[in-house]
> 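Dropping a structure here in structure tokens format, bear with me for questions.
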Number of protein chains: 2
Amino acid sequence: MPRPPEKKRSNLRDVAAHAGVSVATVSRVLNASGRVSPETRARVQAAIAELRFRPLAAARAINSGRSRMIGALLPSLDNSTYARVIDGLEARLAEHDLSLMVARTGEDRQVELARARQLLEAGAEGLFLAGRTRAPALLELIAHYRLPAIMLAYWDPDGPIPSVSYDNVAAVAAAADHLRGLGHREIAVIHGPRATNDRTAQRLETLAALGDGLRYAPFETELSFAGGAAAARRIAQARGPATAALCFSDMLAMGAMAGFQSAGLVIPRDMSVLGIEDLPAAAATHPPLTSVRLQVQRMGEEAGEAMARWVETGERPAPLCLDCELIVRASTAPPRG
Amino acid sequence: MPRPPEKKRSNLRDVAAHAGVSVATVSRVLNASGRVSPETRARVQAAIAELRFRPLAAARAINSGRSRMIGALLPSLDNSTYARVIDGLEARLAEHDLSLMVARTGEDRQVELARARQLLEAGAEGLFLAGRTRAPALLELIAHYRLPAIMLAYWDPDGPIPSVSYDNVAAVAAAADHLRGLGHREIAVIHGPRATNDRTAQRLETLAALGDGLRYAPFETELSFAGGAAAARRIAQARGPATAALCFSDMLAMGAMAGFQSAGLVIPRDMSVLGIEDLPAAAATHPPLTSVRLQVQRMGEEAGEAMARWVETGERPAPLCLDCELIVRASTAPPRG
DNA sequence: GTGAAAGCGCTAACAT
DNA sequence: ATGTTAGCGCTTTCAC
């Protein structure tokens, strides 16, 4: 059956012709730049509406030299943490009429580099990066073009890229301190892949350097609920001395609770479990999860604001460190005996 | 302190001059179109490398009329479901050298329309849409421009937009059938906002129309772990007749398990809990969660492939319905007594 | 095999 | 207040 032909997208010239004005005038109406008489404006707007005209961002970008788009290179989306970060970033960028384009890196620095190039080809005016580790070529790229770049999720005030982040060292120290205060001495540490994730590595190094007399036994696993559960089952089966599990994320902690419970342990009687992040879910688990609250959404908002200012005014933001807070709930208690 | 000036991004002309050839030749090298002698090619490539040249996507797009970008309008990212969909979409699109740009709608049809316009201005060659409900203006836009659009997460073979989806009706029917087979008669249904989510509405209508003699009591809550937990506490406190909770997502089900357990109920002895989706976490919960497996990632892959074909060859894809499968685990059992 | 030149849709001087 | 025109960085005929 014959169908009506696809309508061509109309352009500035079409609109100008339709309204009986020049392209410059249409452009002025579009950008609210320069003076246009009310009658002309009305005529142009009518033409725009009638022709369903929408300016092509690519054409604007090529002229203005600005895409108004910022790129974010994040490890994964399968993770409510980064969903919350994105929320914050987008909200603030939108206030400055900037848009966000997200690419996933899977913690692979070569992928990160490749996706960064792609974002830059797409016109990204700045980049958000997670963690401190970079492919050298990416660092070089950023330096070469003086590209606005902000580092998330890793506090490092002295690096080449300004951090807007919570402080992993403080978070892990607060967690350890809480367990020590309760009387725990043998701690199982449940964490995601260390080799590829510098935040995890930094947290583990922090524990090792704490010198608080506690023993930390690391259990590496997949960074997910199922991974946390698997680690907990390993810990339970080993019948080791651990009386508490310090989990490097709430998702891990939730999985760990399920894993311990499957093994017949009662939390916190037989095992204390502690998370980091304080997801909205943490207050609703059984038992409610003690966790170190990271200001994840706020990190996104602050970083978004800082980036907007950077690309608009050229002023490089000062590093910003967000503090964390231990939220004590029912999943931690003194060890038995 | 004085810093070296920001380097300007080099363009085709710079490369051409540097290599001693014309811009046309550089363009040929870039696109592997037309014949170029090996020596010239080498010279051009050296110039490209030296000047760190990367073609600007906007400029290519404006000429070729193609952005090679597809937009996805999804309700939320704070939800591993859509993270899995995005995985699938991106993987297949990338195989065809197409990129994906995601925008969140929050199930708001006006937001969806606005974000769709934004994606189209950014040059999107096609759109992925979640669910069936649209702002009329968006439907009209799609029809007007014959815009490739694929509907996800709602099976409707007869709608104006081709579906690539699992079947919510079948999923809910499988869940209900399982509970009926176990002997349950009074079912609490835990679900997210009905008014804004047509998948939820369709599932509820399916249950109401089942005519299987079971009684379904709906409990609407926030679509999250915490929401599931809150609903479960309400159900437990009401001390109603429900012996099973049918949850419209695994996240809700995981929260519901925690909520019931907090209220002192033992699963499945005092309450059976059943989810829909079969997240990777479902097998690791305590007890392991019975769930209806939806092929979420596969939906993303199939939709990505269909879209790639559509924009490359112009052939509109046939609707595709993915089947679901009940995965019985330990969270469901016959009612007591 | 290579180059010159005409645009793509828009913005921004510069005229009027 | 409005129009004319020269580009932005690239692709793509069309000559040679």
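We name chains A, B, ... by the order of the sequence lines, and we start the count at 1 in each one.
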> Would B/E90 and A/R115 pass as an ion pair if we require N to O under 4.0 Å?
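Yes, B/E90 and A/R115 are salt-bridged.
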
> Over how many whole Å does the gap from A/R43 atom CZ to D/dA1 atom C1' extend?
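To the nearest whole Å, that distance equals 12 Å.
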
> Run the side-chain contact (heavy atoms from CB on, under 4.5 Å) test on B/V21 and B/V15 for me, step by step, so that the C-alpha distance in whole Å, both residues' side-chain angles and the decisive distance to 0.1 Å come before the verdict.
CA-CA 8 Å; B/V21 298; B/V15 176; over 6 Å; no

> Hey, which sits more toward the 5' end of DNA chain C by its nearest nucleotide, A/L30 or B/P38?
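First, find each residue's nearest nucleotide; the 5'-ward one identifies B/P38.
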
> According to side chain to side chain donor-acceptor pair (under 3.5 Å), does anything in residues 12-24 of chain B pair up with another residue at least two apart or in another chain? List the pairs.
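Residue pairs passing side chain to side chain donor-acceptor pair (under 3.5 Å), neighbours aside: B/S22-B/T25.
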
> Expressed as a whole number of angstroms, how long is the span from B/R66:CZ to D/dC10:P?
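Going from B/R66 (CZ) to D/dC10 (P), I get 19 Å.
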
> Rounding to 10 degrees, work out the angle separating the end axes of the helix from C/dG1-D/dC16 to C/dT16-D/dA1 (five pairs an end).
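The end-segment axes of the helix from C/dG1-D/dC16 to C/dT16-D/dA1 are tilted 40° relative to each other.
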
> How far apart are the C-alpha atoms of A/R298 and A/L322, what are their side-chain angles, what is the distance that settles it, and do they pass the side-chain contact (heavy atoms from CB on, under 4.5 Å) test?
CA-CA 8 Å; A/R298 171 112 187 275; A/L322 302 169; 3.6 Å; yes

> Under 4.0 Å: is that the gap between some side-chain N or O of A/T25 and OP1 or OP2 of D/dG3?
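Looking at the OP1 and OP2 atoms of D/dG3, one of them is under 4.0 Å from a side-chain N or O of A/T25.
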
> Between A/E301 (side chain) and A/A91 (backbone), is there a donor-acceptor pair under 3.5 Å?
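Side chain of A/E301 to backbone of A/A91: no pair is present.
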
> With a 4.0 Å cut-off on N to O distance, would you call A/R134 and A/E112 a salt bridge?
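Yes, A/R134 and A/E112 are salt-bridged.
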
> Inspect the contact between A/R109 and A/E107 and indicate whether a charged nitrogen and a carboxylate oxygen are less than 4.0 angstrom apart.
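Result for this pair is yes, salt bridge flagged.
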
> Which part of the nucleic acid, if any, lies within reach of A/T40 when heavy atoms closer than 4.0 Å are counted: base, sugar-phosphate only, or nothing?
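Sugar-phosphate only.
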
> How many whole angstroms separate atom CZ of B/R9 from atom P of D/dC8?
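Computing the B/R9:CZ to D/dC8:P distance gives 15 Å.
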
> Does a side-chain N or O from B/S64 land closer than 4.0 Å to OP1 or OP2 of D/dT12, or not?
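Indeed not, no polar side-chain atom of B/S64 lies that close.
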
> Under 4.0 Å, counting only non-hydrogen atoms across every strand here, what does B/V26 touch: a base, just sugar-phosphate, or nothing?
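Since no nucleic acid heavy atom lies under 4.0 Å of B/V26, the category is nothing.
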
> Just call it for A/R35: base, sugar-phosphate, or nothing, with non-hydrogen atoms closer than 4.0 Å on any strand.
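Touches a base.
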
> Return whichever of A/R13 or A/R28 has its heavy-atom-nearest nucleotide of DNA chain C closer to the 5' end.
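Closer to the 5' end of DNA chain C: A/R13.
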
> Just by modelled atom types, is the B/D156 backbone N or O under 3.5 Å from a matching donor or acceptor in the B/S163 side chain?
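Yes; at least one donor-acceptor contact below 3.5 Å.
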
> What's the CG-P distance between B/L51 and D/dG9, to the nearest Å?
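Roughly 14 Å, once rounded to whole Å.
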
> At a heavy-atom distance below 4.0 Å, which nucleotide of DNA chain C is the first touched by chain B, and which is the last?
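So the outermost contacting nucleotides come out as C/dG1 to C/dG9.
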
> Is any side-chain nitrogen or oxygen of B/N63 closer than 4.0 Å to OP1 or OP2 of D/dT11?
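It does not, given that no N or O in the side chain of B/N63 lies less than 4.0 Å from OP1 or OP2 of D/dT11.
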
> Once you round it to whole Å, what is the distance between C1' of D/dC10 and CG of B/D14?
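About 13 Å, once rounded to whole Å.
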
> side-chain contact (heavy atoms from CB on, under 4.5 Å) for A/L138 and A/Q110? Distances and angles first, verdict last.
CA-CA 9 Å; A/L138 181 50; A/Q110 291 312 308; over 6 Å; no

> Return the value, rounded to whole Å, for the distance between atom CZ of B/F53 and atom C1' of D/dT11.
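Checked: the CZ to C1' distance equals 12 Å.
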
> Considering only NZ, NE, NH1 and NH2 on the basic side and carboxylate oxygens on the acidic side, decide whether A/E305 and A/R309 come within less than 4.0 Å.
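Salt bridge between A/E305 and A/R309, a charged N being under 4.0 Å from a carboxylate O: yes.
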
> With a non-hydrogen cut-off below 4.0 angstrom, is A/L56 in contact with a base, only sugar-phosphate, or nothing?
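The answer is sugar-phosphate, as A/L56 gets under 4.0 Å only of primed atoms, P, OP1 or OP2.
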
> If you assign each of B/A58 and B/A24 to its closest nucleotide in DNA chain D, which residue comes earlier from the 5' end?
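Result: B/A58.
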
> Measure the distance from CG on B/N11 to C1' on D/dG7 and round it to the nearest whole Å.
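Going from CG in B/N11 over to C1' in D/dG7 covers 12 Å.
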
